[in-house]
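Values below: every heavy atom of this structure, side chains too, minus hydrogens, waters and symmetry copies.
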Amino acid sequence: MVITDRHIALNGSKNFRDFGAYPTRDGRRVKRGRLFRSDRLSDLSAEDLKKLEPFAIRTVFDLRGFRERTEAPTRWHATSTTRNVHLPLISSTSGNAVSSALRDTHTNNDTSAVRQAMVDLYCDMVKQADSLNCLQQIFQSLARQDELPVLVHCSGGKDRTGITCALILWTLGVTRDLILEDYLLSKTLYSDRIDASQTIPQALNHQKNEDWGTAAIKVVYGVEATFLNGALDYLMQIYGTAEQFAERALKLDSDCLSSIRHNLLEHG
C-alpha cells in the first residue's frame, strides 16, 4: 500500500494517517477507519477539523508530557461524543537520559550514545510501570466498541506513538516486517519534512537545544528501525508472544484480547 492510501493530508499535521488495513498472520485484516495516528494537533486548521469529521473519532490519546501540552495545546476539543485522554508515555528519567547523551555528543561528535539512548528510551516505554499503565488504558479502550475509532498522537507521531501503534499491530497479529513498514512511514511523512535544527526535541520537555550538536538532534528526530527493533527484541526475549506481553505486562485477560480483535479485525 502506498503512502497516499494511508496518509490524510492536513494543513496543520504532517503525520496523520490510518494504520489499519494490514493483513495478519491468520488471514484476517486490520479494519480501516478504526485506528489513527498523528503528530501534535495544536496546528490543525478549521478546514482540517472539518476534513476529519467523517472519521467520527471518539477517543484521542495524547501521549505528550504536561509541558508539551501546555506549550502546544491540542485543537481537538472534547465533545459529547469525543473524549481526550492524556497519558504521558515517557518518564522524566528516560527523557533526561536522551538529553544527557545529546550534550555529550556536542563535545565528542559521536552520535552512537544518542542512538543507544533512543533504543533505551523505546525499551523503557515497554518496561516502566507508568508507561505500562498508560498502554493498559489504551488497550482497554480498544476493547470497548463505543470508544472507537481512536487516535493516538504525541508531538512528532513517531516515537511514543510509534511504539504504541507497533504494540497494537503486534497484538492484532500483524507481521514484524509490516509493523516496521508502518513505523518507518514517519520518516517520509515527518522526519524528512522538518528542519531538526530549528525544532525543539518533543520528547525532552522542550529543553533548549543550543548545547546539542546538529548530528545528534537529527538522530533524535529521525526514525530508525534500530529504535523499534530494540524494543521488539526485548519483548520477544522476555515475553515471547504478544499475548504474553498483554497478559503479564498489561494485565489484560483473554476476554479483553478477544474483544480487541473482534473490534479491529475482519476477514481478508
Side-chain angles (χ1 to χ4, degrees), residues 1 3 5-8 13-25 29-41 55 57-64 76 85 87-90 118 121-126 131-132 134-143 147-191 202-203 222-236 242 245-246 249-250 252 257 260-261 263-265:
M1 179 174 288
I3 289 174
D5 287 334
R6 297 189 173 281
H7 182 229
I8 300 165
S13 169
K14 294 179 174 63
N15 200 9
F16 199 113
R17 50 194 162 101
D18 187 324
F19 66 104
Y22 289 110
T24 63
R25 290 186 181 87
R29 185 173 295 274
V30 182
K31 293 178 181 178
R32 296 209 70 163
R34 310 296 277 170
L35 297 168
F36 297 90
R37 55 181 295 173
S38 181
D39 48 346
R40 71 184 191 183
L41 308 176
F55 297 112
I57 292 170
R58 292 180 178 173
T59 309
V60 178
F61 290 108
D62 186 344
L63 308 184
R64 299 176 298 164
W76 196 302
V85 184
L87 297 173
L89 197 60
I90 292 181
M118 290 298 293
L121 177 71
Y122 275 60
C123 288
D124 282 348
M125 288 189 281
V126 296
S131 298
L132 292 173
C134 292
L135 292 168
Q136 179 194 60
Q137 293 181 63
I138 294 171
F139 275 73
Q140 288 172 337
S141 184
L142 298 178
E147 296 185 16
L148 298 169
V150 302
L151 166 62
V152 180
H153 83 96
C154 52
S155 287
K158 64 184 191 68
D159 299 319
R160 290 162 288 190
T161 299
I163 191 70
T164 301
C165 296
L167 293 173
I168 292 170
L169 293 176
W170 186 39
T171 301
L172 293 174
V174 176
T175 64
R176 184 160 174 167
D177 285 347
L178 288 176
I179 291 171
L180 284 167
E181 179 181 303
D182 182 77
Y183 169 74
L184 291 170
L185 285 178
S186 288
K187 180 179 187 300
T188 303
L189 294 173
Y190 182 78
S191 297
Q202 61 268 8
V223 178
E224 300 184 14
T226 305
F227 302 162
L228 182 59
N229 273 328
L232 295 178
D233 287 344
Y234 166 81
L235 291 170
M236 290 300 296
F245 171 70
L250 302 184
L252 305 177
L257 290 176
I260 291 171
R261 289 166 177 153
N263 290 341
L264 297 176
L265 293 176

Nearest 0.5 angstrom please: [X] [atom1] to [Y] [atom2], how far?
X	Y	atom1	atom2	value
M125	L228	CE	CG	9.0 Å
F61	L151	CZ	CG	9.5 Å
N15	L185	CG	CG	8.0 Å

Under 6.0 Å between ring centres: does that hold for F19 and F36?
no

In chain order, what residues pass the side chain to side chain donor-acceptor pair (under 3.5 Å) check against Y122, with sequence neighbours excluded?
D159, Y183

Modelled atom types, side-chain donor and acceptor of D39 and S13, under 3.5 Å:
yes

Could you list the donor-acceptor pairs under 3.5 angstrom formed between side-chain atoms of residues 162-173 and any protein atom two or more places apart in sequence or on another chain?
unit_1 : atom_1 : unit_2 : atom_2 : d
T164   : OG1    : R160   : O      : 2.8
T171   : OG1    : L167   : O      : 2.8

Would you indicate whether the side-chain heavy atoms of [Y] and [X] approach each other to under 4.5 Å?
X	Y	value
L41	H153	yes
L63	I90	no
H7	L189	yes

For R17, is there an ion pair with D182 - N to carboxylate O distance below 4.0 angstrom?
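Result for this pair is yes, salt bridge flagged.
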
With sequence neighbours left out, the residues meeting salt bridge (Lys or Arg N to Asp or Glu O under 4.0 Å) with D18 are R32

Within a radius of less than 6.0 Å around NZ of K187, do more than 12 heavy atoms belonging to other residues, nucleotides or ligands occur?
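No - once you tally the heavy atoms of other residues, nucleotides and ligands closer than 6.0 Å, there are 12 at most.
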
